[in-house]
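Labels below follow one simple rule: chain letters A, B, ... track the order of the sequence lines, proteins then strands, and each chain is numbered from 1. Note that the structure is predicted; figures quoted are calculated from it, not measured.
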Amino acid sequence: MRMSARKLFSVPQHYQIPQTIRKYLHMIQSHNTHLSSPFLPKSPLVLSTNLIKSYFKNGQIFDACLLFDEMPSRDVVVWTTMITEFASRNLYSRALGVFRHMINDDQCVKPNEFTFSSVLKACKGMDSLSCGAMVHGLLMKYGIRGSLYVENALLDMYASCSGSMEDACSIFKDICVKNAVSWTTLITGYTHRGDELSGLLVFKQMLLEDAEINTFSFSIAVRACASIGLSAGGKQIHAAVIKHGLECNTPVMNSLVDMYCRCDSLIEANQCFDAMEERDLITWNTLIAGYEKCDPNEALNVYSRMESEGVIPNCFTFTTVIAAVSNLAVLSGGEQVHGGIIRRGLQRNLALANALLSMYAKCGEVAYSLKVFNDMTSKDLVSWTSMMIAYGSHGYGEAAALLFDQMISSGIWPDRVVFMAVISACSHAGLLDKGLRYFKSMFDDYHIIPDQEAYGCLIDLLGRAGRLEEAYQLIQSMPFLPDESVWGAFLGACKAHKNADMAKLVSREVLGLRPNTAGTYHLMFSNIYAADGEWGEYAKMRKLMKSTGNRKEAGRSWVEVRNQIHSFVAGDKVGSHVESVYDVLEVLIQHAKDAGHALDIGCLTDDMEEGTRNYS
DNA sequence: GTAGGGTTAG
């Protein structure tokens, strides 16, 4: 046997060999055979494998590599340990590198089923179908067959890597005795690529075949229902969960709470939450996130309940809480949460910093947003996009454009969303040419195909600049039928530029859309006609709205004054200090008139009830 | 001394 095996790793030049390794090497050299002694209770191979594992556990990867390199001989277990440890730390290419050395090594150690399942995991992690297929070939070459672990890992690799599901299905079919892992791996393969229905069909098949079923399969199936808003399916699975007596499993119950939240059934979500014997942080985070979208005040209540029960919040919790605060636009609340984040030392979390940046912008404090942005030690595409949205929503189009150019210079590749952010910022600041240049650059320089939403941005840009003809022609020439966002942008522009003729031109097409959205458009048209002074058409539209029962929910605004939130709708007649609000409004209108501005009736008709019109 | 599938945000 050779005394020194080939070295694999390069460690830094001035790296000091740790004392433990020196001692170990000394022992190996003095007992270079498989001896048992008071100093070597186990064989050197077992000892070194254990040592390597503990180095990895402590994050001392250099030491683990150094020790591996110094080993005079290596067996399949220590090779596999290296591969597994790298793969479980998401260092997939290093895992595959070790495997490559293993099969080319002079000592000819044959990989076993343990090795192959870790190697396949690394291929999956790299999303490399070609590597996976090559490993599949090697599996054949080494004649390894009949291990369910390997078959499931192979199935997982084909089901997870980009490509078709055909290979995964064929592996699945060939597994003689499938276990719960085989089934759930196939289901996850479908759901991860957005084909929830196929995943649910496999789950159904699993139940029909009376296959081994466990908690994992249930939570995956519930999540599939949640993703596509299939509450009926989710309820059926809930019944099956009860039938199988799995109500005490926290992950399964968490997925049910999430499913009900996503299906807007907050009552059922609460019932599940209350029925749970044990709740973990995910349970609380899920319920808070559920309320964040529909009732941000209640989301904050759940958060304080969670804190009062002594549950320690994490980054997920804070991100959701910040979103709730943003929805309420309560600056003081946002600052309190920011304080809590700093106290817990979580301010370096990127997603959290991005959420804080957006929160300050929504609360009207762009300068704070910029401070968060500048203080970030690392920024991702979301950070840049959020800062551009912050600038854009406050009318700082030039600043957003400058930021976009800085982002490109810093080497970040843009996506569709960041283009929409910068185009929208240009649109709100009246920077028509700049906005058009960005739209052109999106597909000319970055080959991003604009979707409906991106076209909506462009139409908004043209519309706000008063180029209604061009906007209309663009709608006609788009590669898809215009949706609500496109018509919304166009009609908003018709209204702003008091162009009832253009609005009439498209009314037939727009009102032919889905009946449940027509109400919104009726209101828009009525406002456009009102803005144009066509009160007859306005009255007709309002009548039509009432007859169809369509009613757009009134937009609610609120303002925070001395730690107190005042909420109101347009034309509000009730609430505290309403009279003084109207008095101030009178003064402002008079100031505007004195400055030579005519009162724009169009901006006062939005969402207003009949009585309020008298006011203008 | 070596291997597998699940739940929360952006």
Side-chain angles (χ1 to χ4, degrees), chain A residues 42-54 74-85 87-88 111-122 124 144 147-157 159-160 178-189 191-192 212 214-224 226 246 249-259 261-262 272 279-290 292-293 313-324 326 349-358 380-383 385-386 417:
Chain A
K42 290 181 180 170
S43 84
L45 277 169
V46 174
L47 187 72
S48 36
T49 309
N50 280 331
L51 205 50
I52 284 172
K53 274 181 71 182
S54 79
R74 302 165 189 138
D75 68 353
V76 63
V77 178
V78 75
W79 277 106
T80 304
T81 302
M82 289 299 285
I83 296 168
T84 308
E85 293 292 339
S88 63
N112 64 11
E113 53 268 48
F114 287 79
T115 325
F116 273 103
S117 42
S118 287
V119 170
L120 286 165
K121 184 183 167 184
K124 171 195 163 179
I144 291 170
S147 157
L148 191 51
Y149 273 96
V150 174
E151 284 170 321
N152 286 340
L154 206 51
L155 167 62
D156 197 16
M157 184 276 295
S160 308
K178 303 168 180 70
N179 67 359
V181 180
S182 326
W183 286 94
T184 51
T185 305
L186 186 66
I187 298 172
T188 315
T191 56
H192 275 182
E212 182 200 341
N214 61 15
T215 56
F216 283 72
S217 352
F218 277 111
S219 38
I220 295 164
V222 173
R223 171 145 169 67
L246 298 173
N249 182 273
T250 313
V252 169
M253 290 308 283
N254 287 347
S255 63
L256 280 168
V257 173
D258 183 49
M259 183 275 294
C261 285
R262 283 174 198 254
C272 277
R279 299 179 191 114
D280 62 7
L281 184 55
I282 295 177
T283 323
W284 287 96
N285 288 349
T286 306
L287 194 67
I288 296 170
E292 182 266 310
K293 294 191 180 56
N314 68 357
C315 293
F316 277 72
T317 326
F318 281 120
T319 313
T320 318
V321 170
I322 291 169
S326 300
N349 181 280
L350 189 57
L352 213 41
N354 289 343
L356 278 169
L357 190 166
S358 300
D380 65 359
L381 190 55
V382 179
S383 327
T385 310
S386 307
V417 185

Engineer: When all nucleic acid strands are considered with a 4.0 Å heavy-atom cut-off, which category describes Ala87(A): base, sugar-phosphate, or nothing?
Structural biologist: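 Touches nothing.
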
Engineer: Measure from the side chain of Glu292(A), starting at C-beta and using heavy atoms only, and say which of dG10(B), dT8(B), dA3(B) lies closest.
Structural biologist: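 Nucleotide nearest to Glu292(A)'s side chain: dG10(B).
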
Engineer: Hey, does Ser383(A) have a side-chain heavy atom less than 4.5 Å from the side chain of Leu350(A)?
Structural biologist: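 They are in side-chain contact.
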
Engineer: Of all heavy-atom pairs between Ala122(A) and Ala87(A), which one has the smallest distance, and what is that distance?
Structural biologist: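 Closest heavy-atom pair between Ala122(A) and Ala87(A): CB-CB, 4.4 Å.
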
Engineer: Return the nearest nucleotide to the side chain of Val181(A); candidates are dG1(B), dA3(B), dG4(B).
Structural biologist: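 Between dG1(B), dA3(B), dG4(B), the one nearest the side chain of Val181(A) would be dG4(B).
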
Engineer: Whether Arg223(A) contacts dT7(B) is assessed here as follows: a side-chain N or O lying under 4.0 Å from the phosphate OP1 or OP2. Is that the case?
Structural biologist: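 Answer yes for this pair, as a side-chain N or O of Arg223(A) is under 4.0 Å from OP1 or OP2.
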
Engineer: Please determine, by modelled atom types, if Ser118(A) and Thr84(A) share a side-chain donor-acceptor pair under 3.5 angstrom.
Structural biologist: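 Yes - a donor-acceptor pair under 3.5 Å links their side chains.
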
Engineer: On a plain distance test, is the side chain of Ser117(A) in donor-acceptor contact with the base of dA3(B) below 3.5 Å?
Structural biologist: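 It does, because a donor-acceptor pair links the side chain of Ser117(A) to the base of dA3(B) below 3.5 Å.
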
Engineer: Check every strand shown and say whether Arg262(A) touches a base, only sugar-phosphate, or nothing at a heavy-atom separation below 4.0 Å.
Structural biologist: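 Result for Arg262(A) = sugar-phosphate.
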
Engineer: Looking at dA3(B), I'd like to know if its phosphate oxygens (OP1 or OP2) sit under 4.0 Å from a side-chain N or O belonging to Lys121(A).
Structural biologist: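 Looking at the OP1 and OP2 atoms of dA3(B), neither is under 4.0 Å from any side-chain N or O of Lys121(A).
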
Engineer: Which part of the nucleic acid, if any, lies within contact of Asn214(A), taking any heavy atom under 4.0 Å across all strands shown: a base, the sugar-phosphate backbone alone, or nothing?
Structural biologist: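 Answer is base: heavy atoms of Asn214(A) come under 4.0 Å of a base.
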
Engineer: Within the structure shown, what part of the strands sits under 4.0 Å from Ser182(A) by heavy-atom distance: base, sugar-phosphate, or nothing?
Structural biologist: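 The residue Ser182(A) makes no contact with any strand.
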
Engineer: Check whether the side chains of Asn152(A) and Asn179(A) place a donor and an acceptor atom closer than 3.5 Å, and report yes or no.
Structural biologist: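 On atom types as modelled, these side chains qualify, holding a pair under 3.5 Å.
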
Engineer: Could you work out which one of dT7(B), dG10(B), dT2(B) sits closest to the side chain of Ser219(A)?
Structural biologist: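 The nucleotide sitting nearest to the side chain is dT7(B).
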
Engineer: Applying a 4.0 Å non-hydrogen cut-off, can you work out what Asp380(A) is touching in the nucleic acid: base, sugar-phosphate, or nothing?
Structural biologist: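 Nothing: the residue Asp380(A), judged by heavy atoms under 4.0 Å, touches no strand.
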
Engineer: Which nucleotide in the set dA3(B), dA9(B), dT7(B) lies at the smallest distance from any side-chain heavy atom of Glu113(A)?
Structural biologist: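 Nearest to the side chain of Glu113(A) among the choices is dA3(B).
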
Engineer: To the side chain of Ala351(A), which of dT8(B), dG10(B), dG5(B) is closest?
Structural biologist: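 Of the options given, the side chain of Ala351(A) lies nearest dG10(B).
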
Engineer: Which pair of non-hydrogen atoms, one from Phe318(A) and one from Leu352(A), has the smallest distance, and what is that distance?
Structural biologist: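 Closest approach of Phe318(A) to Leu352(A), heavy atoms only: CB-CD1, 3.5 Å.
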
Engineer: Picking from dG5(B), dG1(B), dT7(B), which would you name as closest to the side chain of Leu45(A)?
Structural biologist: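 The closest nucleotide is dG1(B).
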
Engineer: Heavy atoms from C-beta onward define the side chain here; which of dG6(B), dA9(B), dG4(B) lies closest to that of Tyr149(A)?
Structural biologist: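 Shortest atom-to-atom distance from the side chain points to dG4(B).
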
Engineer: Of all the choices, dA3(B), dG4(B), dG1(B), which nucleotide is nearest to the side chain of Val77(A) once you look at every atom?
Structural biologist: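 Between dA3(B), dG4(B), dG1(B), the one nearest the side chain of Val77(A) would be dG1(B).
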
Engineer: Taking the side chain of Ile282(A) as its heavy atoms from C-beta onward, which of dG1(B), dG5(B), dT8(B) lies nearest to it?
Structural biologist: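 Ranking dG1(B), dG5(B), dT8(B) by closest atom to the Ile282(A) side chain puts dT8(B) first.
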
Engineer: Could you pull out the closest heavy-atom pair between Val76(A) and Pro111(A), with the gap in Å?
Structural biologist: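 Nearest heavy atoms, Val76(A) then Pro111(A): CG2-CA, 4.2 Å.
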
Engineer: Reckon Thr184(A) touches a base, only the sugar-phosphate, or nothing at all at heavy-atom distances under 4.0 Å?
Structural biologist: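 Since a base atom lies under 4.0 Å of Thr184(A), the category is base.
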
Engineer: At under 4.0 Å between heavy atoms, what does Val222(A) touch on the DNA or RNA strands: base, sugar-phosphate, or nothing?
Structural biologist: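 Touches nothing.
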
Engineer: Using a 4.0 Å heavy-atom cut-off across all strands, classify Val252(A) as base, sugar-phosphate, or nothing.
Structural biologist: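 Base, at least one base heavy atom under 4.0 Å.
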
Engineer: Tell me what Asp75(A) touches on the nucleic acid: a base, only sugar-phosphate, or nothing, going by heavy atoms under 4.0 Å.
Structural biologist: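 Since a base atom lies under 4.0 Å of Asp75(A), the category is base.
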
Engineer: Of the options dG6(B), dA3(B), dG1(B), whose atoms approach the side-chain atoms of Pro251(A) most closely?
Structural biologist: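 Selected nucleotide: dG6(B).
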
Engineer: Using whole Å, what does the distance between atom C1' of nucleotide dG4(B) and atom CD of Glu212(A) come to?
Structural biologist: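 Going from CD in Glu212(A) over to C1' in dG4(B) covers 12 Å.
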
Engineer: Hey, does Asn50(A) reach any base, or is it just sugar-phosphate, or nothing, if we go heavy atoms under 4.0 Å?
Structural biologist: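 Answer is sugar-phosphate: Asn50(A) comes under 4.0 Å of backbone atoms only.
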
